[in-house]
Novice: 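Please find one structure pasted underneath; my questions will follow.
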Amino acid sequence: MEVNQAKQEHLLALKVMRLTKPTLFTNLPVTCEDRDLPGDLFGQLMREDPSTIKGAETLTLGEMLTLPQNFGNIFLGETFSSYISVHNDGNQIVKDILVKADLQTSSQRLNLSASNSAVAELKPECCIDDVIHHEVKEIGTHILVCAVSYSTQHGEKLYFRKFFKFQVLKPLDVKTKFYNAETDEVFLEAQIQNITTSPMFMEKVSLEPSMMYNVTELNAVKSGEEEESTFGKMSYLQPMDTRQYLYCLKPKPEYAEKAGVIKGVTVIGKLDIVWKTNLGERGRLQTSQLQRMAPGYGDIRLSLEVIPDTVNLEEPFEIICKITNCSERTMDLVLEMCNTRSIHWCGVSGRQLGKLSPAASLSLPLTVFSSVQGLQSISGLRLTDTFLKRTYEYDDIAQVCVISTEVEIS
């Protein structure tokens with residue numbers, strides 16, 4: 001949309017055109033059967049039409065390219081390019097020509113001019129050309145302000161400007177979900193929806209983790225020695241389609257043992273999305289820092305480091321528990337093991353574990369057996385801090401499959 005000031009006769013003319021890729025020319029084929037009145041007339045006209053494909057005249061798409069007839073849509077993350085031309089329509093030389101191009105958004109004003117120096121003179125029928133580029137990083141109303149100032153031969157200083165208003169639209173809808181594992185791992189699910197009217201080629205969707213995490217992409221499967229994307233070789237996203245990406249984040253070794261630090265980490269990282277449209281126009285979006293709700297471990301955390309998947313009925317097996325002090329004070333811990341209906345602990349209950357400093361942890365091997373078959377929950381552990389006389393109970397720590405080894409003799 002162009003908005004002009006009050007009309008005034010100027011020696012210079014300003015023209016602004018957005019630079020975009022052309023589109024494939026489309027036509028509307030008209031056909032009929034040979035027995036109809038026109039006979040082969042329509043077919044002959046289509047064969048003579050230079051815009052149709054020879055031998056495939058009834059296809060809608062042709063061999064020619066069409067230049068854009070309007071400003072078109074601009075999406076967040078794309079590069080806005082524009083051609084600016086100042087032409088001397090008069091019959092006299094003008095001097096000290098200065099052309100400025102600014103982009104006004106809802107939050108800032110950006111100078112897009114390649115040069116801020118004035119041109120000494122411009123002869124009649126000559127022009128000054130400039131091409132500006134800007135990666136669009138805000139949605140909403142944008143105004144391109146083009147201003148021209150110059151001096152006539154008589155020393156009169158003149159000035160005019162033009163405004164070009166356009167809207168920047170949102171191309172993708174991004175939703176994220178976080179899943180906190182029993183360990184310090186964090187799983188991120190990113191749902192990306194194409195909300196434009198044309199298909200996209202998804203060139204890259206990656207997660208840039210924060211400084212405390214390493215990331216593993218879970219969007220490919222191994223096929224022999226090579227990895228193949230779960231979305232296939234041609235990663236197209238049709239209009240209004242949604243695709244889900246999965247990532248696993250693990251704390252770096254230097255932070256893995258610092259339970260208090262990892263517990264309070266809410267910033268996970270940011271998504272980097274790169275796509276291309278029909279004729280290769282590139283777009284890129286980076287989300288803001290993704291944040292999760294910090295898991296509530298309480299003062300002390302108990303997790304399992306080692307546990308078998310399957311065990312035999314009434315046969316003891318070993319597990320390794322990890323106890324971590326998530327508080328800011330030293331604890332003096334006592335471990336009690338309470339039998340349940342199906343789970344029976346081996347060893348002495350009420351064992352002294354000693355003092356545990358803040359953010360410190362210890363690994364504790366324990367022996368247990370199950371008297372009931374099926375999927376059983378490991379429960380019945382109790383930790384007591386003798387300093388504060390505070391007790392912490394842990395049920396449903398993990399599950400194990402219990403099978404019978406008896407053989408029936410018929």
Side-chain angles (χ1 to χ4, degrees), residues 18-24 26 60-61 65-66 68 71-81 105 133-140 142 166-179 181 185-211 213-250 267-292:
R18 182 191 172 195
L19 298 178
T20 58
K21 295 286 183 71
T23 57
L24 291 172
T26 57
T60 303
L61 292 179
L65 297 176
T66 305
F71 205 78
N73 292 326
I74 300 178
F75 293 100
L76 185 68
E78 294 183 343
T79 299
F80 168 70
S81 300
T105 71
H133 304 281
H134 173 67
E135 184 178 346
V136 182
K137 298 181 179 180
E138 295 182 43
I139 59 174
H142 288 56
F166 59 91
Q167 295 289 331
V168 174
L169 307 176
K170 185 179 175 182
L172 299 169
D173 185 29
V174 181
K175 297 178 181 178
T176 56
K177 295 180 181 179
F178 287 102
Y179 304 92
E185 294 178 343
V186 179
F187 290 89
L188 168 65
E189 177 191 348
Q191 299 179 357
I192 300 177
Q193 183 181 25
N194 176 8
I195 56 177
T196 69
T197 56
S198 59
M200 290 180 177
F201 173 74
M202 306 304 292
E203 186 174 295
K204 183 181 76 169
V205 180
S206 62
L207 176 65
E208 297 179 3
S210 61
M211 60 178 294
Y213 285 95
N214 292 319
V215 64
T216 302
E217 293 193 13
L218 304 178
N219 304 308
V221 291
K222 285 190 175 180
S223 178
E225 297 182 355
E226 298 181 356
E227 286 192 349
E228 184 176 340
S229 171
T230 54
F231 309 113
K233 295 181 179 179
M234 304 301 290
S235 186
Y236 283 103
L237 190 59
Q238 298 295 335
M240 304 312 295
D241 278 2
T242 301
R243 183 170 290 174
Q244 294 167 305
Y245 295 84
L246 186 62
Y247 304 90
C248 176
L249 297 107
K250 295 182 180 179
V267 176
I268 296 300
K270 55 185 178 181
L271 287 170
D272 187 15
I273 307 170
V274 181
W275 71 89
K276 289 182 178 178
T277 51
N278 291 340
L279 290 173
E281 291 182 294
R282 194 169 182 264
R284 181 184 181 186
L285 279 182
Q286 276 193 330
T287 65
S288 56
Q289 289 288 347
L290 303 175
Q291 295 188 341
R292 62 159 180 166

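Worth saying up front: this structure is predicted, and the values here are computed from it rather than measured.
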Novice: Taking the side chain from Arg243 and the backbone from Tyr236, do they hold a donor-acceptor pair closer than 3.5 Å?
Specialist: yes
Novice: Taking everything shown except Gln238 itself, do over 12 heavy atoms lie less than 6.0 Å from its CD?
Specialist: yes
Novice: Atom CG of Asp241 and atom CD1 of Ile192: how far apart are they, to the nearest 0.5 Å?
Specialist: 13.0 Å
Novice: With sequence neighbours left out, write down each residue that passes salt bridge (Lys or Arg N to Asp or Glu O under 4.0 Å) with Lys270, or none if nothing qualifies.
Specialist: none
Novice: Just so I know, are the side chains of Pro239 and Thr197 near enough to count as touching, which here means a heavy-atom distance under 4.5 Å?
Specialist: no
Novice: What distance do Lys177 atom NZ and Leu246 atom CG have between them, rounded to the nearest 0.5 Å?
Specialist: 12.0 Å
Novice: Run the numbers on Arg18 and Phe80 for side-chain contact (heavy atoms from CB on, under 4.5 Å), then give the verdict.
Specialist: CA-CA 8 Å; Arg18 182 191 172 195; Phe80 168 70; 4.1 Å; yes
Novice: Could you grab the distance from atom CD of Gln289 to atom CD of Glu208, nearest 0.5 Å is fine?
Specialist: 9.0 Å
Novice: Over all heavy atoms of both residues, which pair between Glu138 and Val168 is shortest? Give the atoms and the distance, please.
Specialist: O-CG1, 3.2 Å
Novice: At their closest point, which heavy atom of Gly269 faces which heavy atom of Leu207, and how far apart are they?
Specialist: C-CD1, 4.3 Å
Novice: Can a donor-acceptor pair be found, under 3.5 Å and without considering hydrogens, that links the side chain of Asn219 to the backbone of Ser229?
Specialist: no
Novice: Any idea which heavy atoms bring Gln291 and Val267 closest together, and the distance?
Specialist: NE2-CG2, 3.7 Å
Novice: Apply side-chain contact (heavy atoms from CB on, under 4.5 Å) to the pair Val174 and Ile273, showing each step before the final yes or no.
Specialist: CA-CA 10 Å; Val174 181; Ile273 307 170; 4.0 Å; yes
Novice: Check whether any side-chain N or O of Glu185 sits under 3.5 Å from a backbone N or O of Lys250 as a donor-acceptor pair, and report yes or no.
Specialist: no
Novice: Taking salt bridge (Lys or Arg N to Asp or Glu O under 4.0 Å) as the definition, give me every residue that meets it alongside Glu189, ordered by chain and number, with sequence neighbours left out.
Specialist: none
Novice: How close do Ile195 and Met240 get, counting heavy atoms only, and between which atoms?
Specialist: CA-SD, 3.9 Å
Novice: Side chains of Leu271 and Tyr247: closer than 4.5 Å at any heavy-atom pair?
Specialist: yes
Novice: With no hydrogens and no angle check, do the side chains of Ser81 and His133 hold a donor and an acceptor under 3.5 Å apart?
Specialist: yes
Novice: Which heavy-atom pair separates Lys170 from Asp173 by the least distance, and what is that distance?
Specialist: NZ-OD1, 3.6 Å
Novice: Do the side chains of Leu188 and Val215 get nearer than 4.5 Å, heavy atoms only?
Specialist: no
Novice: Just so I know, are the side chains of Ile74 and His142 near enough to count as touching, which here means a heavy-atom distance under 4.5 Å?
Specialist: no
Novice: Is any side-chain heavy atom of Thr277 less than 4.5 Å from a side-chain heavy atom of Glu78?
Specialist: yes
Novice: What pair of heavy atoms forms the shortest contact from Cys248 to Leu218, and how long is it?
Specialist: CB-CD1, 4.0 Å
Novice: Do Glu281 and Phe75 come within less than 4.5 Å of each other through their side chains, counting heavy atoms only?
Specialist: no
Novice: Which is it for Trp275 and Val205 under the side-chain contact (heavy atoms from CB on, under 4.5 Å) test, yes or no, and what are the steps along the way?
Specialist: CA-CA 9 Å; Trp275 71 89; Val205 180; over 6 Å; no
Novice: So how far is it from Leu237 CG to Asn194 CG, rounded to the nearest 0.5 Å?
Specialist: 5.0 Å
Novice: With rounding to the nearest 0.5 angstrom, report the CZ to CZ distance, Arg282 to Phe201.
Specialist: 11.5 Å
Novice: Measuring from Phe187:CZ to Thr216:OG1, what's the distance to the nearest 0.5 Å?
Specialist: 9.0 Å
Novice: Could you walk me through whether Glu203 and Arg284 pass side-chain contact (heavy atoms from CB on, under 4.5 Å), step by step?
Specialist: CA-CA 10 Å; Glu203 186 174 295; Arg284 181 184 181 186; over 6 Å; no
